[in-house]
**Q** 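Just dropping this structure here.
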Amino acid sequence: MPELPEVEVARRSVEAWLGGQVVIHAELPASRVVRGNGLAGALVDRRIVEVQRRGKWLRLGLDDGRALFSHLGMTGKWVRRERSTPKLPYERARLDGKSASVRYLDPRLFGRLELFAEGEAPRAFDELGPDPLLDGLGGLGAALAKTSRPIKVALLDQTLLAGIGNIQATEALWRARLDPRQRANRMTKAEVKRLARGLLATLAYTLSVEDSDEISYVEEAGADNPFRVYGREGEPCPRCKAALTRLVQAGRSTFYCAACLKPSDGDRP
DNA sequence: AACGGAACCTGAAAGC
DNA sequence: TGCTTTCAGGTTCCGT
């Protein structure tokens, strides 16, 4: 379930569990997720000196300059267990520090774990656009001007803006009263500004929701939907009560309120 | 160069 | 109830 806010929560957790610690035991058998052989051997006795996030990527920096990059895909998550806890379902990797045994779980195997030499990184990581929380959104207008794709589709392009996924894009557009079908390069300055505010608002909101139970990190089966419009086709718009519309763009669902889109002001670039 | 769509996996939810 | 279909918050590859 990882977009920027969830990955940030994962970062804080992994940092708390393993930051500054020496890896005393590791299991990372090669798989679709774990790229390369011998990762466990390379990690044991190394100290994890920092845990960073950029977009949807985590970077665990080691004391030898190398770094373990982690992408959670659709279903990846890091959890902490007792060292005596046996292998969990869908456990793909394990890193044990002195006080924590940290497991990477990933049923669908869309995630990725890979070790890189100092100064190197996955290509997708190197190509990330600005991260809204790390870099701010000052460059949003310039990024969006690069493409004529619909704004909703453009927001999912990690090279334009890092960390935004289907839910955050959907929620931000609703907050900004923008039509998801509007072309990215046709946004007015006022619209870009509204979008930037919408993005920061939904990121902050989601972060606050997700962060509330980071200690237990409990599985929530059937937890209720905390989002304003995502997954709420036909339900009343929280602002104007009109029924929300679902639309598919580039194979991804978008939800919006056709009734409270803000009319364009004609100030086209 | 840029775009839509399928593919990669598994499980939960909806549909019948 | 139980079987079948649809859908899922990710990226990547492939054909147009």
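Since the structure is predicted, the reported quantities are computational estimates derived from the model, not experimental observations. Here is how names work: the chains are called A, B, and so on, in the same order as the sequence lines, proteins then strands, and each is numbered from 1.
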**Q** Taking the side chain as every heavy atom from C-beta outward, state whether A/L43 and A/L68 have any atom pair closer than 4.5 Å.
**A** yes
**Q** If you look at every heavy atom in A/R83 and A/R94, which pair is closest and at what distance?
**A**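 Of all heavy-atom pairs spanning A/R83 and A/R94, the closest is O-NH2, 2.8 Å.
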**Q** Does A/W174 have A/R239 sitting over its ring (NZ/CZ under 6.0 Å from centre, angle to axis within 45°)?
**A**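 Judged by the rule (NZ or CZ under 6.0 Å from the ring centre, within 45° of its axis), A/R239 counts as positioned above A/W174.
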**Q** Using the six-membered ring of A/Y205, assess whether NZ or CZ of A/R228 lies under 6.0 Å from its centre and within 45 degrees of the ring axis.
**A** yes
**Q** What are the two closest heavy atoms between A/P2 and A/V7, and how far apart are they?
**A**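 In terms of heavy atoms, the two residues are closest at CB-CG2, 3.8 Å.
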**Q** Are any non-hydrogen side-chain atoms of A/R54 and A/L134 less than 4.5 angstrom apart?
**A**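 With C-beta onward as the side chain, the pair touches.
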**Q** Output the rounded distance in Å from CD (A/E127) to P (B/dA1).
**A**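 Distance check: A/E127 CD to B/dA1 P gives 14 Å.
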**Q** Measure the shortest side-chain to side-chain distance between A/R46 and A/V22 over non-hydrogen atoms and say whether it is less than 4.5 angstrom.
**A**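 No; the side chains remain at least 4.5 Å from each other.
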**Q** Walk along nucleotides 10-16 of chain C from 5' to 3' and tag each nucleotide B, S or - by protein heavy-atom contact under 4.0 Å, base first, then sugar-phosphate.
**A** BBS----
**Q** Can you tell me how far P of B/dA13 sits from CG of A/D224, to the nearest Å?
**A**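 About 13 Å, once rounded to whole Å.
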**Q** When the distance from CG of A/L160 to P of B/dC3 is rounded to whole Å, what number comes out?
**A**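 Taking CG of A/L160 and P of B/dC3, I get 10 Å after rounding.
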**Q** Anything below 3.5 Å on both distances counts as a pair; with that, list the stems of at least three consecutive Watson-Crick or G-U pairs involving DNA chain B.
**A** B:2-8 with C:10-16, B:10-16 with C:2-8
**Q** State whether A/S148 places a side-chain N or O below 4.0 Å from either non-bridging phosphate oxygen (OP1 or OP2) of B/dC3.
**A**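 Checking B/dC3 against A/S148, a side-chain N or O does come within under 4.0 Å of OP1 or OP2.
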**Q** Which whole number of Å gives the distance between the P atom of B/dC9 and that of C/dC14?
**A** 15 Å
**Q** If the P atom of C/dT6 is compared with that of B/dA6, how far apart are they to the nearest Å?
**A** 13 Å
**Q** Closer to the 5' end of DNA chain B via nearest nucleotide, is it A/K146 or A/G251?
**A** A/K146
**Q** Round to a whole Å and report the spacing from CG of A/L247 to P of B/dG4.
**A**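 Distance, rounded to whole Å: 12 Å.
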**Q** In whole angstrom, what separates A/D157's CG from B/dC3's P?
**A**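 Checked: the CG to P distance equals 9 Å.
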**Q** Is the shortest side-chain N/O distance from A/T147 to OP1 or OP2 of B/dC3 below 4.0 Å?
**A**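 Looking at the OP1 and OP2 atoms of B/dC3, one of them is under 4.0 Å from a side-chain N or O of A/T147.
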**Q** Measure from the side-chain heavy atoms of A/R149 and tell me the nearest of B/dC3, C/dA8, B/dG4.
**A**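 Side chain of A/R149 sits closest to B/dC3.
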**Q** Starting at CZ of A/R246 and ending at P of C/dT6, how long is that distance when rounded to a whole Å?
**A** 12 Å
**Q** Please examine the side chains of A/L72 and A/R112, heavy atoms only from C-beta on, and report whether any two atoms are closer than 4.5 Å.
**A**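 No - every pair of side-chain heavy atoms lies 4.5 Å or more apart.
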**Q** Indicate yes or no: does A/R149 engage A/D157 in a salt bridge with an N to O separation below 4.0 Å.
**A** yes
